[in-house]
Each structure stands twice: as structure tokens, then as C-alpha cells.
Amino acid sequence: MHDDRELVEERITRELHERVVPLVHPERQTMRIEAGPSLDELTPFATGDRWGPPWTTTWFRFAGDVPPSWAGRRVEALIDLGFRLDAPGFQCEGLVRDADGRPVQGIHPRRQAVPVEPDAGGRVELVVEAASNPAFVQFRPSPMGSRDTAGDRPLYRLERAELVLVDAEAEALVHDLDVLDGVMRTLDLRDPRRARLLRTIERALDGLAAGRGVDAARGVVAAALATPSRAGAHRVVAVGHAHIDTAWLWPVAETVRKCIRTFASAVSMLDTDPGFRFAASSAQHYEWVREHEPELFARIVEHVRAGRWIPVGGMWVEPDMNLPSGESILRQLVTGQRWFEEHLGVRCAEVWLPDVFGYPAGLPQVFASAGIRRFVTQKLSWNRTNRFPHHTFWWEGIDGTRVLTHFPPVDTYNAEVTPAELAHASAGFAEHGWSEWSLLPFGYGDGGGGPTRDMLARADRLADLDGMPNVSISSPSTFFEHVEAEVAAGAPVPVWRGELYFETHRGTLTSQLRTKAGNRRCERLLREAELWATTAGDADARPLDDLWQDVLTLQFHDILPGSSIARVHAEAEATHERVAAELEERIAASLACIASNGPVLCNAASHDGDEVFVGSLKPPGDGPTQTLTDGRVAFRARVPGLAVAPAEALAVDDRVVVTDRSMSNSRLAVSWDVDGNLRSIIDIAHARELIPGGELAAVLELAVDRPVRYDAWDLEWWVRREPERLTTAESVEVVERGPLVGAVRVTRLFGASSATLTYVLRAGSPRLDVEVEVDWQHSEHLLSIAFPIDVRADDATCGIQFGAVRRPMHASTSWDAAKFEVCAHRFVDVAEPSFGVAVLNDGRYGHALADGAVRVSLARAARYPDPDPDRGRHEVTVALCPHGPGLVEVVAEAERLDLPLRAFTGGSAPAPAPAPAVSVTGDGVLVDAVKLADDHSGDVIVRLHEACGDRRNVTLAAAFRIRAAAFCDTAERPRRTAESSDGVVAITLRPFEIVTLRLGDSAS
Ligand SMILES: [Zn+2]
């Protein structure tokens, strides 16, 4: 008896591919081929010919004649465009169209077969719209990411175009053997079932070799395939889907076609396989298909109605979660859910973000506010330091909201339904103690593609098979319903409180600065445009939906994070520019409408009722004024905008005094050395020095930044070890000498790059601004600005969407150490109980918190996938703001910095400014949106949130009489009445609570 197990396993692999697979297509017939740049320009073409310059489309027509002997049998066309066998979606791909141009299915390396029906004359004709997308070599810099540099050499060689006869029994035998072989290899070597399966497969192969035929071989393995899984086996809900990146190694325009190919393939499988289900996220993807292929979309709608095509996610795209504003994330859900409801008649029941780089702690409340209490991701399986301890758990956000969250234990969102994956999922599942269920998202993805018939054939055999978990193809809802039943029965569900920090891809907080700046600018302008249209009371103002959608699309998780090819980012910048220009026009129109009774000077987005305005006209009323150095006049006035906290009075009696190497106002005294390095910042009222003795602040640090695996994505801990400190100045000059503003400009040169830092102190301001302008010419370097702070604190409080979280200032545990670069919006605050120092900024996200210092990442420049990103000028303002206990002052100053004054003049004579559209009083509360209701009723929607983690009483008044007020959901539907008296609404906010109010007739 021979016992060389490994040799027998090798024999199985080889014979399966060389002896059994070829039986599936016993007869073949070549097809006639034509190709060209359009269907009207086709010329004869042959296999072996080259086609496809980068980023172009080639049309193929394939024609063949089915031999009479094949009549009535299964026939397929096999098309190989020159595929590499791995990586569907990362190379050339094609869409098969029928004679009338309708999409039939996509083709890619794992889907080369197209079922065909010959016409009465036995003739078959197919048209393929083929895309020659370049295959990028990970992770090597490539000129292929832009049309300008990609060249025009054809990238692919047509390999095959054949008609084949299909032997369905042989095809089934391939799947039988493949599945049993896979199961065998997952079993422990001591498991008797392993030896038994090995011998069974051998017997089938022996029989084939002896000429006993396919049926006999299937007979040999039938009993093994019919052995059911054991009692108590894990249960897997397999969900077919296709992860389609809205852009990445291809531009947005190609994604439109990827969606069409993938959706056409899914529809064709739904048409032929009654057990199949398909889930797809991203309203934008559906909208593209609806727009470009309405017939295909109509078939999708039918399958949605039948419950077999399942829209998931509820969002416009699958956006990054670190970088968009809270309001943006909320609008992803509002816009997505509204689209799904309007076009498909459904609202999604779960957020579906398998591939996003970390999840801030404010999200559970945002999800819940859109009516969603379930969440699927698996990305944290990529964590490089700590293994996340749960697969199914309650995720509890900063406000206490919980969502039932699942990380599929298969650890991939592109599963292929193999025994190895199922064994991995079952073995690694952390919740066996209380749950029987996990989810398996299957289908080729990232570049689309989706499930294949091979995957379904395996799922069919694995449904109830000894040695494996039970597998059923169904929807995410089915999975959650099973878990919710377990929860209802009292299962001890673990709770994870706080952010789901992603322990890799930290460079995405800083890569591709212009894409991030464009997004930030558009977010501000959208907010302003809604506010001013509301203030103008123009219920007929054109809706901003299309502009919102453009911005939301670009928040996709490889665009906003800066991890796409050059072309994607160039197009994103152009789109942001166009959207911003249009928003500025609309804002100007609203302001002109408001000012039609006379000139108004307004702070567009300030939330202060008594904000300081800077303008060229005399102020309304008799408020205090002061002439600025440039001749403009500063004064206080009521704003036709929002009013939150009563503003501090304009300290007209305050003056900035600038002397040699120091400047001061009534709040701060700042001094610098001969090279312009900040040596001392004293908070006068608190009598505290901000900079530790002997140290320098606002120091630029330049470090070599060479990640190992994913260049644009990753920033590694060693970057911070030995930075070059840029403390030598080319020039230091005082550029404003007071009395309202003092400013000192320091210029530093480093290599081909340069930077100016302008320290700005304003009369009455508690803030020292550092206006940073960089001309960035470095590659593979990180530029940071460092603020050592003389405050003793274990952790820092970081601004996030709709609130704040605490992050460690040390690396004591592995979980602390992994957070060596964190995302913060607007501020990082380091505080002792009675005194703190906040580092604010108006446009950066990456921060390092260590060694008693806060560092803000200003610029980097990875070389893959865009070899030459971020060259040229970038601007950001970073500020230091000392303060007393709590976050109220920090949040208010961060808001002022982020939303600067908008000076506006109209008409010719001074006139009283109108009252704010909406005024909110209450410390620590921020208004996120003031807008007209989307139903054109003229009602006003106000969204606000408690930003400091405290409980607050808030009152809200409006320029118009509030007849009725209601708390509503994010879809603006009233949920319950908000009490109001004399036109003032009084509410109490819980820590970090988000509230959406509807004011007006429809609110009752
Ligand atoms: Zn992705």
C-alpha cells in the first residue's frame, strides 16, 4: 500500500486540470472576427492580433456557424481578449451585446463563456465592446494613470474566439471533484474523513483513466457529496455582490461601464438560476445604469420587485468615512435612500461598507438617523497590529446609539465560495459561543465582475456537506434576521464602544491634497448656499441635488482618500472647481436678493449672532467701529445668518502691539527667535506658557516617507523617527504692525520646495494663527508642523464628525501604539482639568499625538498609483488656541477658523441688516445645516448637534414666526412635535446628540 498523500494530492490537481476540465468542451469551432474603433469601422481581425491602446474602446464582432450535429445541445462562445488569468476588473474587459445592442453580460478572465442560441440558420453573432484598461503592476509607479502619459501602444492580444459544445455532465464532474478536493484539503490530517475523501477522488480519476466515463466518475463521488454536514455546524449566509470601486485604477467614466457589465452579468444569472440573489450598493451606480442602459435597468427593477436583487448600503456611493464632514455622510444616506425609494421602491436596511478605511465613533447615530440599525464591513481584518476581537457585536457610538455590526469572518469581500474560505470563516469566527451565523460576501470585485456560475455550482454542493459549514445563498437581511432572533432570545452580544480605528492606510488622511481641499471647499459652499437660499426665503431656488451628488460621488473611498490614478484626481479637481463656481454664483444670487433693500454685510457661515464684520461700508446702527490698516471698517452687527452663542464683544479697545521679535494683544503674548521659530506663547489671562521650556513651536519637519506595501495609502511609524527640522529662515519680516492685526512672515527653503509661515494675531482673539503656504516639490516625503505643548495629558480630544473622541498621547499598549497617525476634523485639544491648548486647522486631517506634541501632517507625495502627486502650492491655516475648562471655546474657535467671514456689499446706501434666518442660543452647539425642505413646502430644516459631550438646553428662534416645529428624521419627515412658545423652540440635547428640526406648516 503506497501512502504518499502529497503526491496523490498533486495528481488530483494535475488530472483535474489536464484530463477532466477538457472534457467539458468536447468540440470547438473557430469564429470569424472583425474589430475596429466603432461598429461602423470594423475590419477583419485574427486571434493573435494586437488591440487596445490604453483607455480606448475596441469593438469586436464575432460570428460563427453551429454544426448541425450540435443541434439542441448547450453551446457557448468562449472569448479570451488576452486576459491574464487572475484579477478580473484590473485589466481589459468586455461587454457582450446582442444583435440589437442590448447588454448580455460582461466578460473577464473568470467569465469567458457566453451562452448562445444560434438562429434558424445555425448562425451565431456577438458584439463585444472591449475596454483596454491598463493592468497596473502593484505597486510600481506607472505613466498609465493619465491619458497624457500612457502612450498609444496596443496593450492586449486577442487570444481566442470559439464556439464550444458543452458537456454538462463533465462540467458537473469538474465541480464535484473541485469541491471534494477543496473540502479534503481543509480537513485535519488526522481526520479520517480526509483519507476517505482522498481515496474517493482517486477512484473517480482511476475510473476515468480506465475509460469508464463521466457518469461513472460522478457515481463514485455521489455518496461523498450527499453526506450532510454535522449537527451544530456553523451556518453561512452567502451574499452575491460585486465590489465596484467608483474610481481607482480607472476613471469614473470606466466605472459607468463596469457597472453595466457587472449588472448585466448579474441579471443574466438571476434570469437563469432561481436560487441566485444579488446585492448591490451605491445609488450612483444604479443611476448610471438607468441613464445609459434603461432596458437593463428595467430588468433590474423586476428582480428588485421579486426580492432577488437586493439594494444595500443606502448611500450614494461607498464613501470614505474619515474625511467627509458629518453633514456629507448624512447626505450620502439621505441622497442614497431617497434614490432607492424613488426608483426601486425600497429603503436599504443595512449600511454596506466592506472596503473603507476606518469608521469614526459618530457613525452609529448617523446610520440610525437614516433609519438603519445594521452595518456590514470587513476591512478591519486588514489591521496590522491588533486583531479586532469580534465578528458580530453592538457598535456603540459617542452618543450611545448602537448598531448591530458584522465583520464577515471570511476576511474578504471578494469571496469565491471555496471550501478553504468556508473553513477559514468557521475556524476564525469569534462568536461561536452565542451565534450560529456569519455572512459570506462573494463575487469578483474592486473592479467589478461579481459572482460567476462556478461560484453558484460550488455553493450548491456546499449547501449541506460533511466537513463544512452549512451554506445558503440569501440576502444580508436574512443574515441579520437570524442574528436578531438570537439577540431577542437573550444572546450575550459583545459591545464595542468608540471608533473602529483602521490600523493601516493612514496616509490616506493626507494624500492628494487638492482633492481633499476641493471637497472641503464644496462642503462649505453647499452649506452656505443652503443657508443663504433659506435666508432669502426663496422657496423656488433651484435645488442643489445635482451639485450635492457631484460632491458625494467624489467622496468615494479611493478618490477622497487620494489613492487613485492621476486622471481620477485631475478630473475630481475639475469637478470640484465647477461645482464651487456654480455654488458661488448661487450664493451671490441669494445675497443679492437679501440685499435688495439696501447693503448688507454678512458673515455667510458664522454662527455668531453678533459677529464681527469687515466691510467697506459704514455699519448699520451705532455699533462700535474701527478702521483697519487697509482702510476697511470693522464693526459688529446682527447677521442674517445663524446665531448660536452670543459672540464675545469686539474688543475695539484691544490692540495688537508688535515690537522686535514679539507681538501681543490682551490675550496672548508671542515671541520668536531670529529664525522666526516660535519660542514663547503666553496665555495672559491664565498666566500660562504654552511651549515647554527650551522648545520651539510651529516647526516644520521633513521626513522620508517610503511605505512598503500601498504607497498612497500607507504612512508608517518610522516616518516620525528622524525628521529633518526646518528651523533656518530665508527671511523673517513683520508684515502687519497692528493695531487690529499683527503678522510676521517667515520663509523657509528646503530642497526644491519652500514654505512661508505667517503668524497672525488679531485684536481680541484668543488664537494665534499660523498661515502655511507650501510650494511642494518633494516626492516620497512627509511634511509636518509640530507643536510641543506644555500641558500634561494622557490623551487628546480630537474633533470628528458630529462630535469628538479621545486618542492616546502615548504608545503604552499595542492599541495605543497603532494610533500613531489619527484623523481629526478642525481641532486636537490637549488639556489639564483647568487649562488646555487646542491645535486647530481648516483643511488637514492627519495628526500625530506623541511626546507631548501635536503634529499636523501638511503634505506627502507617494508614487503609486499616481507617480507625481501634489506638486505646487498648498495653503492651510493651523492655529493655537489656549482655553479654560471644557471644549466650548475650542469648538467655537474651530468653527470660526473653518468658516471665515464672507464680506458682501450690495446696493448703495447703508440699511439695517435683516435678522438671522435662525438663531440658536446655547454653548457647545453647532448648526450643521439650515435649508429649505426638499419637498418645496417652504418649511425650514435646521440640523444641529451637541459638539462637546455635555447636556445642553438650547433655544431656537427664527426671523419668521415659527407656527409649528417638529423633530424629524433625516428624510425630513416629522416624527414628533417640538414644543415652542412665542415662536421660540426650547430643546434639551444629550451629549453629542444630532437633532433635525422642521419649522413651518408641514411640521405639525
Ligand atoms: Zn473599494
Side-chain angles (χ1 to χ4, degrees), residues 86-91 93 108 133 135-136 138-139 145 239-252 254-259 261-263 279-286 288 312-324 329 332 336 350-359 375-383 407-408 410-416 439 441-451 476 500 502 504-509 511-512 515 552-565 568-569 572 709-714 864-866:
D86 56 346
F90 290 87
Q91 50 175 302
E93 48 189 305
H108 58 63
N133 304 334
F136 289 82
Q138 290 186 339
F139 283 93
V239 176
H241 84 128
H243 188 66
I244 305 177
D245 285 325
T246 304
W248 178 24
L249 301 176
W250 49 87
V252 169
E254 184 57 23
T255 308
V256 176
R257 304 204 297 180
K258 282 177 178 287
C259 292
R261 293 177 201 122
T262 302
F263 284 14
S281 72
S282 303
Q284 169 70 89
H285 294 181
Y286 289 81
W288 281 330
V312 292
M315 292 188 173
W316 183 247
V317 295
E318 292 183 16
D320 181 74
M321 288 281 123
N322 285 315
L323 300 160
I329 293 177
Q332 288 279 357
E350 60 292 294
V351 170
W352 180 270
L353 296 171
D355 181 32
V356 166
F357 314 149
Y359 306 90
F375 175 38
V376 179
T377 176
Q378 64 78 51
K379 199 66 183 178
L380 266 59
S381 68
W382 287 40
N383 271 5
F407 294 170
V410 68
D411 290 341
T412 174
Y413 51 82
N414 295 332
E416 298 174 31
L439 190 150
F442 72 96
Y444 292 113
D446 288 329
L500 300 174
F502 188 38
T504 184
H505 289 6
R506 301 163 183 91
T508 60
L509 304 178
S511 290
Q512 297 283 0
T515 298
L552 296 178
T553 299
L554 297 178
Q555 291 172 350
F556 172 73
H557 64 257
D558 278 310
I559 305 179
L560 187 51
S563 43
S564 281
I565 55 174
V568 171
H569 290 289
R709 293 191 179 158
Y710 297 90
D711 294 21
W713 293 259
D714 288 351
Y864 178 88
D866 176 357

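Counting convention: from 1, in listed order, for ligands and their atoms alike.
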Heteroatom of His243 nearest to the Zn ion (ligand 1) (N, O or S, atom name)
NE2

Proximal heteroatom of Asp245 relative to the Zn ion (ligand 1) (N/O/S)
OD1

To 10°, measure the NE2(His557)-the Zn ion (ligand 1)-OD2(Asp355) angle for me.
100°

Please say which of His557, His285, Lys258 ends up in a side chain to side chain donor-acceptor pair (under 3.5 Å) with Thr246.
His285

Just how far is it from atom CG of Leu323 to atom CD of Gln555, taken to the nearest 0.5 Å?
9.0 Å

Would you mind telling me which of Tyr710, Tyr413, Phe407 makes a ring-ring contact (aromatic ring centres under 6.0 Å, His included) with Trp382?
Tyr710

Is it the case that the ring center of Trp250 lies less than 6.0 angstrom away from the ring center of Phe136?
no

